[in-house]
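All remarks here apply to the structure that follows.
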Amino acid sequence: MTDRGTCLLNDQTVALAAPDRGLVLGWLRERRGLAGTKEGCGEGECGACTVLIGERDPAGRLSYRAVAGCLLPVGELPGRHVVTVEGLNPSDGLNPIQQSLVDAGAPQCGFCFPGIVVSLAGFFLTSTDLSADDAMIALDGNICRCTGYASIRRAIEDFCSSFAPRLDAGRDRVEQLVEWGVLPEYFGNIAPRLAALPGSASTVAPSEGLLLAGGTDLLIQQPDLLELEAVDYVSRRRDLVGITRELDHVSLGAATTIEDLKRDPAFRSLVPGAPAMIERFGSTIIRNRATVAGNLVNASPIGDVTVLLLALGSELVLSREGKRRTLPLGDFYLGYKQLARKPGEIIEAVRVPATVAACTVSFEKISQRRFLDIASVNSAACARMVDGVATSFTLAIGGVAPVPLPARRTSAFLTGRTLDAATIHEAAGILDAEIDPIDDVRGSALYKRELARRVLFAHALAFAPGRVRLEELI
């Protein structure tokens, strides 16, 4: 059998062979006999299959993130550490996370709890201050079918109040968690063991195969793609990961995850409200896998990241065989799922202009649930306001056209104008002529036209709260 690399699975070194394809969830349960990772929705919605993925960064530091095993390809594993709930168990008894949940009476049927325990371990590994609020956000992708949320919250408040005062930001996090018993002792040797493995994620080179980033949407629709011989796992490309502040822009590496975008201080310096916006883009276990360029190339008319980056006036850096070109993101979409991308060309980075820092950014998403849902209509706008005048105005809107739509005519109309009720109503008429919604499962075309008006009103209220009043708009 052809060697496909080596990984660490809990405390074991595992050589991957040709049959080890497909998704991690099935591989764990069927080939490795680890049944603690449960199969629920199969679409990354419930969190029952949550696992931890650990790797060394270029500086040699060990980091982990919680992800949905049902959307994680086995091909992503070489050079990495996969941790299931079995790998979090101490040699005897329960770890402090498990014990707190038991003491609070939280576990009931047990189907969802392995994923909850793993997600909370991921919280311990990544949270800056171990706050209870952060712990609840870490569970935003984990559903408890027995509705034990009150007990789960009590357990979280208990262990956060116990461990947060003991956290030493200057020490290695894994070392502290091993000391507290949150992680088993074998975690102390994972970093050197990973360094000794062939196929480290930091050394993966590009291939000529199918380009696959996070796969959080594509693998739901086409899981059989992983049976192909050649898949280029873009998320393993270290040269495409990271966010850097340049003189006139912030550069987002194509394979940077949405969660990293949410946490990054350079991006937050441009868009202070970004963390709250991005929390609506998906759950933590999805944001830990979904990538910036993956969202753009997927070309969904309602891509949340796409709409935001369109409103920020972003441009793409595209490369092929060492040759680079730049392209405004608004010119990237030619038609439904049609891209201005040449054969063999990849997105290398997304550049967000530094001038955004002088603007106010507003994001609106209309969906049946406020969180963890697909939008019927979403929209972002970026405006620079001076004495009530929008000296610049950029509007993008999704769900109302075959592509994520830069509303250029509406934006041009509003630029240079005082934002008041009469102006916004006139702009709403221009926007209505600029969009072309259809009837689908997320609403009728007429409904979406009304939503487009309402999100424009919401942006106006955000940009000129003292000059535009809700009762004047509706």
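Quantities reported herein were computed from a predicted structural model and do not represent experimental measurements.
No donor-acceptor pair under 3.5 Å is formed between the side chain of Y333 and the backbone N or O of A340. Checking side-chain atoms of S314 against main-chain N and O of L310 turns up no donor-acceptor pair under 3.5 Å. Without hydrogens or angle criteria, N295 side chain to T306 main chain gives a donor-acceptor distance under 3.5 Å. Of the possible donor and acceptor atoms, none in the side chain of E76 sits under 3.5 Å from a partner among the backbone N and O of P73. With S119 contributing its side chain and I116 its backbone, the two residues share no donor-acceptor pair below 3.5 Å. Put simply, the side chain of T256 gets close to the backbone of G242: a donor and an acceptor are under 3.5 Å apart. For N142 (side chain) and G115 (main-chain N/O), a donor-acceptor pair under 3.5 Å exists by modelled atom type. With R236 contributing its side chain and P78 its backbone, the two residues share a donor-acceptor pair below 3.5 Å. The backbone N or O of G282 sits less than 3.5 Å from a side-chain atom of R287, completing a donor-acceptor pair. Looking at S161, its side chain does come within 3.5 Å of a backbone N or O of E157 through a donor-acceptor pair.
For the residue pair T284 / E259, no side-chain donor-acceptor distance below 3.5 Å is found, with atom types taken as modelled. In the model, D103 has a side-chain atom that pairs as donor or acceptor with a side-chain atom of Q99 under 3.5 Å. There is a side-chain donor-acceptor pair under 3.5 Å between S269 and R245. A side-chain donor from one of R65 and T257 sits under 3.5 Å from a side-chain acceptor of the other. A donor-acceptor pair shorter than 3.5 Å cannot be found between the side chains of S300 and D217. Using modelled atom types, one finds no donor on one side chain facing an acceptor on the other under 3.5 Å when comparing S283 with D140.
H249 places a side-chain heavy atom less than 4.5 Å from the side chain of S251. No side-chain heavy atom of V182 sits less than 4.5 Å from a side-chain heavy atom of N95. Annotation: side chain of I347 is not in contact with side chain of V317 (no heavy-atom distance under 4.5 Å). Between L339 and L334 the shortest side-chain heavy-atom distance does not fall below 4.5 Å. Contact check for I258 versus T291: no side-chain heavy atoms found under the 4.5 Å cut-off. Contact of the T326 side chain with the R351 side chain is registered, since non-hydrogen atoms from C-beta on lie closer than 4.5 Å. Proximity of V82 to L52: side-chain heavy atoms (C-beta onward) are nowhere separated by under 4.5 Å. Side-chain atoms of N298 and K337, non-hydrogen and from C-beta on, do get closer than 4.5 Å to each other.
Within 6.0 Å of CD in E175 there are more than 12 heavy atoms belonging to other residues, nucleotides or ligands. Atom CZ of R29 has more than 12 neighbouring heavy atoms from other residues, nucleotides or ligands inside a 6.0 Å radius. Other residues, nucleotides and ligands contribute over 12 non-hydrogen atoms within 6.0 Å of the CD atom of Q338. The environment of CD in E39 is sparse: at most 12 heavy-atom neighbours from other residues, nucleotides or ligands sit within 6.0 Å. Other residues, nucleotides and ligands contribute only 12 or fewer heavy atoms inside 6.0 Å of the OH atom of Y336. Within a 6.0 Å radius of CZ in R268, more than 12 heavy atoms belonging to other residues, nucleotides or ligands are found. Heavy-atom neighbours of E246 CD from other residues, nucleotides or ligands within 6.0 Å: above the threshold of 12.
Here the closest non-hydrogen pair linking I285 and G141 is CD1-O, 3.8 Å. Across R173 and L130, no two heavy atoms sit closer than the pair NH1-CD2, 4.3 Å. What you find for F267 and V352 is that their closest heavy atoms are CE1-CG2, 4.4 Å. In terms of heavy atoms, T50 sits closest to A66 at CG2-CB, 3.9 Å. Between H459 and S362 the shortest heavy-atom distance is ND1-OG, 2.8 Å. When all heavy atoms of L23 and C70 are compared, the closest pair comes out as CD1-O, 3.1 Å.
Contact check on E179 versus R166 returns no salt bridge, with no Lys/Arg side-chain nitrogen under 4.0 Å from an Asp/Glu carboxylate oxygen.
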- Using the side-chain contact (heavy atoms from CB on, under 4.5 Å) rule, take C46 and C112 through it: C-alpha gap first, then chi angles, then the decisive distance, then the call. CA-CA 8 Å; C46 72; C112 310; over 6 Å; no

- Message: Let's go through R280 and D304 carefully: what are the C-alpha distance in whole Å and the side-chain angles of both, what is the deciding distance for salt bridge (Lys or Arg N to Asp or Glu O under 4.0 Å) to 0.1 Å, and is it a yes or a no?
- Response: CA-CA 9 Å; R280 299 195 61 195; D304 293 319; over 6 Å; no

- Residue pair L211, I346: steps toward the side-chain contact (heavy atoms from CB on, under 4.5 Å) verdict: CA-CA 9 Å; L211 293 175; I346 67 167; 3.4 Å; yes

- Item | V178/W180 under side-chain contact (heavy atoms from CB on, under 4.5 Å): CA gap, chis, key distance, verdict | CA-CA 5 Å; V178 169; W180 297 344; over 6 Å; no

- Message: Is there a salt bridge (Lys or Arg N to Asp or Glu O under 4.0 Å) between E345 and K323? Walk through the geometry before answering.
- Response: CA-CA 9 Å; E345 201 171 44; K323 297 180 180 179; over 6 Å; no

- Task: Let me see the working for N10 and T84 under side-chain hydrogen bond (donor to acceptor under 3.5 Å, both in side chains), right down to the final yes or no.
- Result: CA-CA 7 Å; N10 296 328; T84 69; 3.0 Å; yes

- Full working for side-chain contact (heavy atoms from CB on, under 4.5 Å) between L212 and V234: CA-CA 6 Å; L212 182 67; V234 180; 5.9 Å; no

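With rounding to the nearest 0.5 angstrom, the SG atom of C7 is 10.5 Å from the CZ atom of R193. The structure places CD of Q108 at 6.0 Å from SG of C144, a figure rounded to the nearest 0.5 Å. One finds the CG atom of L120 at 11.0 Å from the CG atom of L125 (value rounded to the nearest 0.5 Å). Atoms CG and CG, on L329 and L316 in that order, are 5.0 Å from each other to the nearest 0.5 Å. Considering CD of E45 and CG of L71, their distance stands at 9.5 Å, rounded to 0.5 Å. Between M277 atom CE and L308 atom CG the span is 6.5 Å, to the nearest 0.5 Å.
The salt bridge (charged side-chain N to carboxylate O under 4.0 Å, His left out) test with E348 is passed by exactly one of R237, R324, R325, R320: R324.
Residues H81 and Y64 place their aromatic rings such that the two centres sit under 6.0 Å apart.
Using a 30° and 60° split on the angle between ring planes, F363 and F281 fall in the perpendicular class, above 60°. Note: F124 and F163 have perpendicular aromatic rings, judged against thresholds of 30 and 60 degrees for the angle between ring planes.
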